[in-house]
Amino acid sequence: MLTTTYVPGAPNWLDLGTPDTGAGAAFYSAVFGWEHRSAGPEAGGYGFFEQDGRTVAGIGPLSEGASASWRVYFHTPDADATAKAVEQAGGSVRIAPADVFAFGRAAAFVDPTGADFAVWQPGETQGLDLVAVPGSLSRTELYTTDANAAKAFYESVFSWQTRDVPMGPELTYTILTPAGAGPAAAHGGLMQLPQANLDAGSTPEWHPYFEVSDCDATFARATESGATVLIPVTEAPGIGRFAMFLDPSGALFAIITTARG
């Protein structure tokens with residue numbers, strides 16, 4: 001489970017890159033009730049999604065040639081050292097480490113299977129203000145073309161603990177946990193993209209799950225607001241009730257009402 005007591009390797013930031021920040025803000029405000037706040041004229045169009053005045057995600061315009069997507073950031077005490085570790089493990093640096101004013105230091109990478117991800121080295125901003133409560137980030141998940149290569153890469157870069165859980169005759173889900181943490185601190189998972197998904201054009205990517213108090217009601221708001229359904233509301237025993245979408249700009253996200261007790 002995510003907490004705002006961020007440790008190395010845990011997700012600590014999240015933002016949406018979208019071709020129309022106004023439309024993106026309107027969509028997610030309708031779905032989750034978020035408020036949008038600009039980071040100011042010096043921030044190049046970047047802003048924040050807030051719930052009750054507390055930051056739950058960022059939003060900004062797309063860089064040239066990019067497609068709409070949610071970007072997951074993982075905590076690092078040293079973004080420059082992480083960049084070296086990424087390259088040594090077979091990944092590549094997409095955006096070199098750089099300071100974001102006094103808030104922190106960020107860098108973006110591509111893993112060996114082609115999935116984008118990023119890191120955040122805290123400065124004045126430790127990370128998101130809210131996680132694991134309705135309307136905030138609940139877990140992160142990687143869909144990959146090579147689960148074994150992805151596991152080896154992220155274990156090398158972040159020293160994550162991994163545990164494989166069979167989910168059928170041909171599907172294994174790998175639970176991801178920060179180094180040295182117990183099972184309750186798991187922050188997400190990864191899984192191999194089935195061949196049918198690859199044939200349909202799916203590519204490796206990280207995506208967020210947002211916690212919601214009522215999965216069915218949120219599903220209805222998302223579809224009414226223009227989301228494309230990828231997975232309808234589904235019950236996962238012992239995990240919760242979830243659904244997955246593309247937002248109107250094509251960014252993938254999921255919602256979950258986590259099972260309690």
Side-chain angles (χ1 to χ4, degrees), residues 1-3 10-11 14 16 27-34 49 51 56-57 69-70 72 115 128 130-144 147 150-151 160-177 181-248 250-261:
M1 177 178 173
L2 297 182
T3 76
L14 177 76
L16 172 68
F27 171 79
Y28 287 98
S29 294
V31 175
F32 297 120
W34 292 342
F49 285 123
Q51 179 170 275
V56 293
S69 64
W70 282 96
V72 178
L128 301 173
L130 288 177
V131 296
V133 299
S136 70
L137 180 66
S138 177
R139 61 186 291 113
T140 59
E141 197 166 75
L142 170 66
Y143 285 172
T144 179
K151 279 193 292 184
W160 284 345
Q161 300 168 138
T162 62
R163 179 166 64 90
D164 291 341
V165 179
M167 299 190 68
E170 299 181 358
L171 180 62
T172 297
Y173 189 85
T174 300
I175 298 172
L176 307 172
T177 306
H187 61 261
L190 68 83
M191 60 180 284
Q192 181 91 20
L193 277 164
Q195 188 60 48
N197 295 69
L198 297 175
D199 293 342
S202 296
T203 56
E205 47 78 22
W206 281 96
H207 54 266
Y209 278 72
F210 296 108
E211 187 70 31
V212 295
S213 56
D214 186 329
C215 190
D216 296 84
T218 306
F219 178 89
R221 288 197 299 273
T223 54
E224 290 166 2
S225 299
T228 300
V229 177
L230 298 180
I231 300 176
V233 176
T234 302
E235 190 78 33
I239 297 173
R241 197 164 173 79
F242 74 97
M244 187 174 291
F245 314 88
L246 294 176
D247 74 12
L252 193 154
F253 73 101
I255 58 174
I256 186 167
T257 301
T258 302
R260 306 294 180 185

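Looking at D164 and T172, their side chains never bring a donor and an acceptor atom within 3.5 Å of each other.
Here OG1 of T140 is found 7.0 Å from CG of L2. Values are rounded to the nearest 0.5 Å. Going from atom CD1 of I256 over to atom OG1 of T234 covers 10.5 Å, rounded to the nearest 0.5 Å. Here the CE-OG1 distance, from M191 to T144, works out to 10.5 Å after rounding to the nearest 0.5 Å. Atom CG of residue L137 and atom NE2 of residue H187 lie 10.5 Å apart, to the nearest 0.5 angstrom. With rounding to the nearest 0.5 Å, the separation of CD in E205 from CG in L142 is 7.5 Å. With rounding to the nearest 0.5 Å, the separation of CG in L252 from OG in S69 is 10.0 Å.
Although no hydrogens or angles enter the test, the distance criterion places a donor-acceptor pair under 3.5 Å between the side chain of T223 and the main chain of A220. Listed for the S136 side chain is a donor-acceptor partner under 3.5 Å among the backbone atoms of V133. Between the S138 side chain and the F210 main chain, no donor and acceptor come within less than 3.5 Å of each other.
In terms of heavy atoms, P248 sits closest to G226 at CG-O, 3.8 Å. Looking at every heavy atom in both residues, I175 comes nearest to A186 through CG2-CB, 3.6 Å. Across all their heavy atoms, R221 and V31 have their closest contact at NE-O, 3.0 Å. When all heavy atoms of A132 and M1 are compared, the pair lying nearest together is CB-CE, 3.8 Å. Here the closest heavy-atom approach between residue T177 and residue A185 is recorded as CG2-C, 4.0 Å. Of all the heavy atoms in C215 and A243, the pair that sits closest is SG-N, 4.1 Å.
Applying the side chain to side chain donor-acceptor pair (under 3.5 Å) rule to E141 yields the partners Y173, H207, Y209; only residues at least two apart in sequence or on another chain are considered.
The pair R241-E211 does not count as a salt bridge, with every side-chain nitrogen at least 4.0 angstrom from each carboxylate oxygen.
Between F27 and W34, the gap from one ring centroid to the other reaches at least 6.0 Å.
Inter-residue side-chain proximity for L14 and L128 is flagged as met; some heavy-atom pair is nearer than 4.5 Å. Two residues are said to be in side-chain contact when any heavy atoms from C-beta on lie closer than 4.5 Å; F32 and T218 meet this criterion.
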Using side-chain contact (heavy atoms from CB on, under 4.5 Å), reason through L176 and T162 one step at a time and then give a plain yes or no. CA-CA 5 Å; L176 307 172; T162 62; 3.8 Å; yes
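Sorted by first and then second residue, the ring pair (Phe, Tyr, Trp, His ring centres under 6.0 Å) pairs involving residues 222-248 (not counting sequence neighbours) are F219-F245, F245-F253.
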